[in-house]
Novice: 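Encoded as structure tokens, here's the structure I'll be asking about.
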Amino acid sequence: MPTPSPHLLIGAITALGTLGNIPAYADQIEELLVVGTHDKRTIDVSEALLISPDTAQLLKKAPGANVNGNGPLTGIPQYRGMYGPRIATALDGKQLASAGPNWMDPPLSYAASSQLQSLEIYRGIVPVSVAQESIGGAIEVHSKRADYTHSSDFQLSGQVMGSAQSINGGAHLDGVLYGANQNHRVKIAAMTEAGDDAEFPGGEITPSEYERQRYDIAYGFRTGQHSIALDYTYTDTGETGTPALAMDIEYFEGDLLSLDYGFALDSDFSVEASIYGSQLDHGMTNYHLRQAPAPDRWRQNIADSDNIGFKLQSTLKDDNGSWELGVDGFSEAHNSDIDNPNNPMFFVVNFNEAERDILGVFLERQQDWAAWSGEFGARYNYVTMDAGKVNASSAMMMPPAQILRDNFNDADRKQTDNNIDLLAKAWYSTSDSTRWYAGIAQKYRSPSYQERYLWMPLQATGGLADGYTYTGNIELDPEVSRQLEFGLDFSNDVFTISPRFFYHRVDDYIQGTPSKVAPAVMLVRMMNASNGSNNPDPLQFNNVDAELYGFDMDWAWSMNEHWSLSGIVNYVRGERRDIDDNLYRIAPPNTSVRLSYLSSNWSAGVESVLYASQDDVSETNSEKETAGYGLVNLSTTWQATSSLNLAAGVDNVFDKEYEDHLGGYNRAENPDIAKGSRLPGYGTNVFVRAVWEF
Ligand SMILES: [Cu+2]
């Protein structure tokens with residue numbers, strides 16, 4: 001799976017901030033690329049070398065974060081061992097539910113890195129105002145937009161960016177045009193990118209080609225205390241491989257629309273309101289990009305997702321802090337149908353109007369007292385879920401499928417959860433350079449629609465990619481995580497370090513366990529007998545008990561005005577508490593160190609990335625162990641003129657063959673990689689990039 005890392009573009013190392021005079025602990029960590037504050041890391045995407053079409057890869061620049069990869073556009077964020085729907089993703093404050101039942105389009109895939117200003121990941125416990133459900137963390141992306149000016153004359157500006165890389169012949173071109181005056185701002189942007197199958201030292205990863213276009217138009221208007229913003233995005237993903245899954249992407253087509261309103265009475269009181277929605281269509285098959293199976297085994301899956309949401313939030317500041325009060329709602333509805341173009345009799349209604357609605361209300365307080373500061377939050381979420389009736393051709397012929405269908409259709413599928421999140425965080429400064437931190441929280445997550453409504457044993461699991469078929473469980477309880485974390489932020493003129501220890505005790509953790517649903521087990525065995533396949537007995541999503549704990553930190557040392565050293569250390573363990581087993585797909589211990597040189601118009605960096613072996617694997621998911629490895633990456637940038645910036649680099653300089661533990665197993669016929677073995681990481685990749693601003 002891809003592990004291209006973002007690289008520093010250009011810029012001088014600014015003096016590291018100190019605690020005493022900077023209210024939000026706004027230190028510069030890792031030059032200009034990642035800025036740390038006391039509770040989040042902001043990755044300045046506009047300053048990163050954009051070689052990966054997978055925005056999620058940028059997250060690896062933040063402590064605690066990693067990426068589960070199922071294909072070149074399909075990075076699923078992982079944070080401190082949690083991933084998938086456990087991590088909230090907000091695109092300019094808006095939620096989105098993936099159209100793909102296997103998360104071939106994770107929410108973050110709708111943020112094209114070339115259109116982003118920044119990517120923010122919250123460190124540890126997420127404020128209740130930021131996301132509705134954030135049991136494992138939260139990511140916010142902020143798109144580029146024009147800034148209002150101070151006159152009535154319109155000013156035009158823009159940027160054209162192009163990049164190419166050797167690993168897959170990938171190329172990317174995008175352009176953005178801004179127009180703005182003091183009252184109006186407009187943005188028009190377009191992007192296209194494509195790549196072939198990627199190489200690894202032993203051959204090619206097939207299929208790992210990709211192709212995507214994207215168009216954005218944005219308008220903003222402000223007058224006096226009021227402002228509005230209207231944004232529209234169209235995304236069009238073409239044929240794209242997902243070798244860790246049973247099918248490949250034929251297309252994703254997405255329309256994303258939002259309307260925001262802001263009112264600021266003065267600097268102490270403001271209100272923000274937004275309504276938004278998206279309509280996402282998806283097709284995937286097991287025959288158009290990979291070697292097709294026998295004609296009677298061809299499968300095509302057509303899926304869609306309709307999302308609509310709103311948020312209303314007010315902020316009131318006073319002498320000792322601020323209040324945030326808000327209400328938000330999000331509704332998602334999913335359909336998924338499987339057919340075989342060679343057999344008009346074959347069909348599976350996989351999900352039929354599977355709905356998940358959340359209505360939330362929250363109150364948050366930020367409080368400052370002398371050397372102390374605190375954050376306190378409470379949120380109530382009312383979750384309702386339902387799904388329509390299902391059917392399949394096999395349910396007309398095979399008794400176990402018929403029983404599963406009838407049980408599902410006869411069940412009361414409507415479910416309601418009442419979830420209360422609570423948190424308290426405190427910071428205490430013992431000096432200008434040292435601030436101690438401790439936090440405690442209770443966070444809920446209701447089941448996903450797949451976890452509740454997957455009625456027939458299939459691999460539609462939100463991208464788990466463990467090779468198991470699953471069925472859902474309508475009666476699942478929400479997960480609840482009780483979290484403790486503590487640490488320290490130290491920062492002086494030359495050195496910054498931010499260690500954190502965390503412990504999450506999760507009750508009712510949702511995990512696939514060996515199925516006790518007799519007709520599901522029988523059906524998988526009957527299918528094996530009639531198809532000559534050897535799928536293992538299915539799992540069922542069930543509530544178990546788990547715990548996750550670990551340590552992470554980032555650090556930076558500014559040696560002099562030209563040279564700096566920085567790095568990240570990550571360690572996480574995930575274990576079951578009800579049985580003796582590990583949680584599935586947890587990032588191995590890892591560290592990276594980067595040496596950077598910066599002068600007035602050029603920079604260079606060498607980075608070493610080290611991963612330990614992972615032998616704490618899940619027996620329940622038949623997870624395979626991976627060996628440790630080390631990679632070396634190089635990059636350089638040159639500000640050629642005031643408007644032209646050039647960059648180049650080499651990833652995996654020594655063409656090291658390795659397996660990314662989070663990269664999944666090969667599922668497609670490939671002479672270079674056995675089916676079921678782990679997918680290799682990419683080999684040596686040379687990339688170039690040019691940015692022209694006007
Ligand atoms: Cu899909």
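Just so it is clear, the model here is predicted, and its values are computed rather than measured. In each ligand, atom 1 is the first atom listed, and ligand 1 is the first ligand listed. For the single chain, residues carry numbers from 1 onward in sequence order.
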Novice: Please give me the protein atoms (N, O or S only) lying under 2.8 Å from the Cu ion (ligand 1), ordered by chain and number.
Specialist: Met104 SD, His282 NE2, Met284 SD
Novice: Find the distance between OH (Tyr110) and OG (Ser278) and round it off to the nearest 0.5 Å.
Specialist: 7.5 Å
Novice: Only one of Thr471, Leu458, Leu523, Val521 passes side chain to side chain contact (heavy atoms under 4.5 Å, CB included) with Pro538; say which it is.
Specialist: Val521
Novice: With a distance cut-off below 6.0 Å to the six-membered ring centre and an angular limit of 45° from the axis, does Arg678 pair with Tyr658 as a cation-pi contact?
Specialist: no
Novice: What residues form a side chain to side chain contact (heavy atoms under 4.5 Å, CB included) with Ala111, not counting sequence neighbours?
Specialist: Leu91, Leu108, Leu116, Val141
Novice: With a cut-off of under 6.0 Å to the ring centre and 45° to the axis, is Arg86 in cation-pi contact with Tyr509?
Specialist: yes
Novice: Evaluate Phe310 against Tyr276 for ring pair (Phe, Tyr, Trp, His ring centres under 6.0 Å), listing each step before the verdict.
Specialist: CA-CA 6 Å; Phe310 75 92; Tyr276 58 93; 8.5 Å; no
